[in-house]
Amino acid sequence: MEECISVFDMLKIGVGPSSSHTLGPWRAAERFLEELKDESILDQVKRVKVDLYGSLSLTGKGHATDLSVMLGLSGQDPEYIPVDNIAGIIKTIEDTNEIILANEHKIPFYFLQDIVFNKEFLPFHANGLKFTAYKADDSEYESTFYSIGGGFVVKEERTNAKIKEVIKCAFPFPIQNAVELLNYTVSENKSISEIVYENEKSMRPEAEIHSELMRIWNTMLECMYIGCHTGGILPGGLNVRRRAFDMHQNLIGLSNYSNPQTWLEEIRKTEVKFRQILKWVSCFALAVNEVNASLGRVVTAPTNGSAGVIPAVLMYYLVIENHDAGEKEIKQFLMVAGEIGSIFKKGSTISAAMGGCQAEIGVSSSMAAAALCELMGGSPAQVLMAAEIAMEHHLGLTCDPIGGLVQIPCIERNTMGAIKAINAAELALETDSKNAKVPLDKVINTMWQTAKDMNSKYKETSEGGLAIAVNMADC
């Protein structure tokens, strides 16, 4: 059986600012609690220590890794926790020096001592974290996890010694690379989104696919709405001023609306000259990633740091290109985007700690370009070409966040990724796919080779590039 990754694996609802450094450690903490329950030792634990390694340690403070671990150990769910409750939960843990494991078992917890930042890297992956539970009988239970990007969490022994049972399935159209996907579209005479839909139906009912895809979109829409209506300074110490609010005010004028959907309808009435289109797309992307930077709720697509690209491009299609578009086109877009992302994950990486920002903004731009191309009438071959073009022009992009925060240059990069995605889709639509010189699988392989050759200081460590050229004092 092939490795099967669902659209809902690639597009996850969670909390910012980072899928690999926030959502992943949060999920790892949840899995650690599950192990303690499976071993029937949760109520015997008297202390828990968490060791963070590599990139999780080097940029963990800026990515709220320590906070996410505490929230995960507390039994909070990143998909459903009211984001307004996060600060209060953290403050209670810090003030009382106690944590309620899984919201069931209270133990002492001194976060400055019990979360340890270790600069050394574990050999398996750049994002490693180890949980140690100390039991009442003085014995210990240890478990090590790796956050491999996009909120995915694995254990080394499962990858090296066991069949990946958790992510195995029986898709009718198992896909490992772009060539296989294209072959299915030819043999079945289906679009890429139709192939993806058949695979998804093998895992869940059609009604659930519909409701979950729309929940993902509504989360994206709400995120853009919140970002466009929130001003002020982002947390973290860089004193970055939110820009989506002012940009949005200049674009929308005195329009009258009361919720995200009526807001969308009002945007459709605005001027759409080229400059305004650039500004709207940029505004949507900025809005999402400003929400992400402030520990708001976003959709990992395929990561939190690149969460603005896909909603910005889909919103562009809905408010600029096709005013009649609705749920059908939204679902189509998300399914294509999810499939392209899964191919990148299988053939390369979606972790900036492994591949730099080409693995985040580059992949998200590629996903968005492909999805937009299909909605604009592109053939499956042109859709894959759009994905290739978008990635080709992100190869080698470094991840060098200033202060370890997902703010500079991360927020702006989402605007660039979105604009490139639209351009890539248009180029593909104007090209005979028979004349394509670089197949998508080749660019994915090239991206992986580039990732392996890239110096580690450009892989989300804040030890190179802008992260050292510009320091906190300069800001």
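For this chain, numbers begin at 1 and follow the sequence in order.
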*Can you tell me how far the NZ atom of Lys12 sits from the CG atom of Leu23, to the nearest 0.5 Å?*
6.5 Å

*Between Asn455 (side chain) and Lys457 (backbone), is there a donor-acceptor pair under 3.5 Å?*
yes

_side chain to side chain donor-acceptor pair (under 3.5 Å) evaluation trace for Thr132 with Arg47_ = CA-CA 8 Å; Thr132 304; Arg47 181 192 169 207; over 6 Å; no

_Partners meeting salt bridge (Lys or Arg N to Asp or Glu O under 4.0 Å) with Lys46 (sequence neighbours left out)_ = Asp138

_Validation row, ring centre His21 to ring centre Trp26 under 6.0 Å_ = no

*With a 4.5 Å heavy-atom cut-off, do Phe152 and Asp9 have their side chains touching?*
yes

*Any side-chain donor paired with an acceptor under 3.5 Å for Glu321 and Tyr316?*
yes

*Picking from Ile340, Val363, Ile444, Ile5, what satisfies side-chain contact (heavy atoms from CB on, under 4.5 Å) with Lys345?*
Ile5

_Quick check for you: to the nearest 0.5 Å, what is the distance between Leu56 atom CG and Leu58 atom CG?_
9.0 Å

*Any idea which heavy atoms bring Ala428 and Cys373 closest together, and the distance?*
CB-SG, 4.2 Å

_Distance (rounded to the nearest 0.5 Å) between Ile310 CD1 and Met315 CE_ = 15.5 Å

*Quick one: pull up SG in Cys223 and CG in Asn218 and give me the separation to the nearest 0.5 Å.*
12.5 Å

*CG on Asp400 to OH on Tyr458, rounded to 0.5 Å*: 8.0 Å

_Main-chain N/O of Val15 paired with Asn304 side-chain donor or acceptor, under 3.5 Å_ = yes

_Test item: Tyr134 and Val48 side chains (from C-beta on) under 4.5 Å apart, heavy atoms_ = no

*If you look at every heavy atom in Ala293 and Pro17, which pair is closest and at what distance?*
CA-CB, 4.3 Å

*Hey, is the main chain of Ala178 close enough, under 3.5 Å, to the side chain of Asp441 for a donor-acceptor pair?*
yes

*Does the side chain to side chain contact (heavy atoms under 4.5 Å, CB included) test come out yes or no for Arg31 and Lys155, once each step is laid out?*
CA-CA 11 Å; Arg31 286 181 53 182; Lys155 303 193 75 170; 3.7 Å; yes

_According to side-chain contact (heavy atoms from CB on, under 4.5 Å), who are the partners of Pro401, at least two apart in sequence or on a separate chain?_
His63, Cys399, Cys410, Ser462

*Using modelled atom types only, decide if a donor and an acceptor are shared between the side chain of Asn289 and the backbone of Gly305 within a distance under 3.5 Å.*
yes

*asked:* Could you check whether any side-chain heavy atom of Glu290 comes within less than 4.5 Å of a side-chain heavy atom of Leu234, counting everything from C-beta outward?
replied: yes

_Ser306 backbone acceptor or donor facing Arg413 side chain under 3.5 Å_ = no

*Phe131 vs Phe32 aromatic rings, parallel, tilted or perpendicular, using cut-offs 30° and 60°?*
parallel

*Less than 4.5 Å apart, any side-chain heavy atom of Thr22 and any of Leu295?*
no

*Can any side-chain N or O of Glu98 pair as donor or acceptor with the backbone N or O of Lys106 at less than 3.5 Å?*
no

*So, Glu39 side chain and Glu35 main chain: donor-acceptor pair closer than 3.5 Å or not?*
no

_Quiz item: cation-pi between Lys130 and Phe145, 6.0 Å / 45°_ = no

*asked:* Quick check against the 3.5 Å criterion: does Lys49 have a side-chain atom that pairs as donor or acceptor with the backbone of Ile115?
replied: no

*Does the side chain of Met454 reach to within under 4.5 Å of the side chain of Lys459, using non-hydrogen atoms?*
yes

*Walk me through it: do Val281 and Thr415 pass the test side chain to side chain contact (heavy atoms under 4.5 Å, CB included)?*
CA-CA 7 Å; Val281 175; Thr415 73; over 6 Å; no

*Using a 4.5 Å cut-off on heavy atoms from C-beta on, say whether the side chain of Val45 contacts that of Tyr141.*
no

*Under the salt bridge (charged side-chain N to carboxylate O under 4.0 Å, His left out) criterion, do Arg243 and Glu412 qualify, and how do the steps go?*
CA-CA 10 Å; Arg243 284 182 284 178; Glu412 279 186 358; 2.8 Å; yes

*asked:* Could you check whether any side-chain N or O of Asp114 sits under 3.5 Å from a backbone N or O of Phe109, counting only pairs where one atom can act as donor and the other as acceptor?
replied: no

*Using the ring of each side chain (for Trp, its six-membered ring), is Phe284 parallel, tilted or perpendicular to Trp280, with breaks at 30° and 60°?*
parallel

*Do Ser193 and Glu374 have side-chain N/O donor and acceptor atoms under 3.5 Å apart?*
yes

*asked:* For the residue pair Ser342 / Glu339, report whether a side-chain donor-acceptor contact shorter than 3.5 Å exists.
replied: yes

_Qualifying residue, where the test is side-chain contact (heavy atoms from CB on, under 4.5 Å) with Leu221 and the options are Leu264, Leu318, Ile330_ = Leu264

*asked:* Run the salt bridge (Lys or Arg N to Asp or Glu O under 4.0 Å) test against Lys346 and tell me which residues pass, sequence neighbours left out.
replied: none

*Measure the shortest side-chain to side-chain distance between Ile402 and Leu238 over non-hydrogen atoms and say whether it is less than 4.5 angstrom.*
yes

Atom pairs and distances, side-chain donor-acceptor, residues 86-94, under 3.5 Å, sequence neighbours left out:
| unit_1 | atom_1 | unit_2 | atom_2 | d |
| --- | --- | --- | --- | --- |
| Lys91 | NZ | Asp95 | OD2 | 2.5 |
| Thr92 | OG1 | Gly88 | O | 2.9 |

_Within residues 213-233 or reaching into it, pairs that qualify as salt bridge (Lys or Arg N to Asp or Glu O under 4.0 Å) - sequence neighbours excluded_ = Glu79-Arg215, Glu212-Arg215

*With sequence neighbours excluded, tell me which residues meet side-chain contact (heavy atoms from CB on, under 4.5 Å) with Val438.*
Glu388, Glu392, Lys442, Val443

*So do the side chains of Val153 and Tyr146 get within less than 4.5 Å of each other, counting heavy atoms only?*
no

*Might you work through the side chain to side chain contact (heavy atoms under 4.5 Å, CB included) test for Ile233 and Val240, ending with a clear yes or no?*
CA-CA 6 Å; Ile233 304 297; Val240 173; 5.8 Å; no

*asked:* Rounded at 0.5 Å granularity, tell me how far CG in Asp51 sits from CD in Glu142.
replied: 8.5 Å

*Does the distance from a Lys or Arg side-chain N to an Asp or Glu carboxylate O, for Asp246 and Arg241, drop under 4.0 Å?*
yes

*For side chain to side chain contact (heavy atoms under 4.5 Å, CB included), just list the numbers for Ile175 and Ile343, CA-CA rounded to whole Å, side-chain angles, deciding distance to a tenth of an Å, and then say yes or no.*
CA-CA 8 Å; Ile175 298 162; Ile343 292 173; 4.1 Å; yes

*Check ion pair Arg27-Asp77 (N to O, under 4.0 angstrom)*: yes

*For Pro302, does its backbone N or O pair with a side-chain atom of Thr300 as donor and acceptor, under 3.5 Å?*
no

*Verdict with supporting geometry, Glu360 and Thr303, side chain to side chain donor-acceptor pair (under 3.5 Å)*: CA-CA 6 Å; Glu360 296 203 17; Thr303 68; 2.8 Å; yes

*So does Glu104 pair up with Lys37, basic N to acidic O under 4.0 Å?*
yes

*Identify the two heavy atoms, one from Ser365 and one from Gly417, that lie closest to each other, and give their separation to 0.1 Å.*
OG-O, 2.8 Å

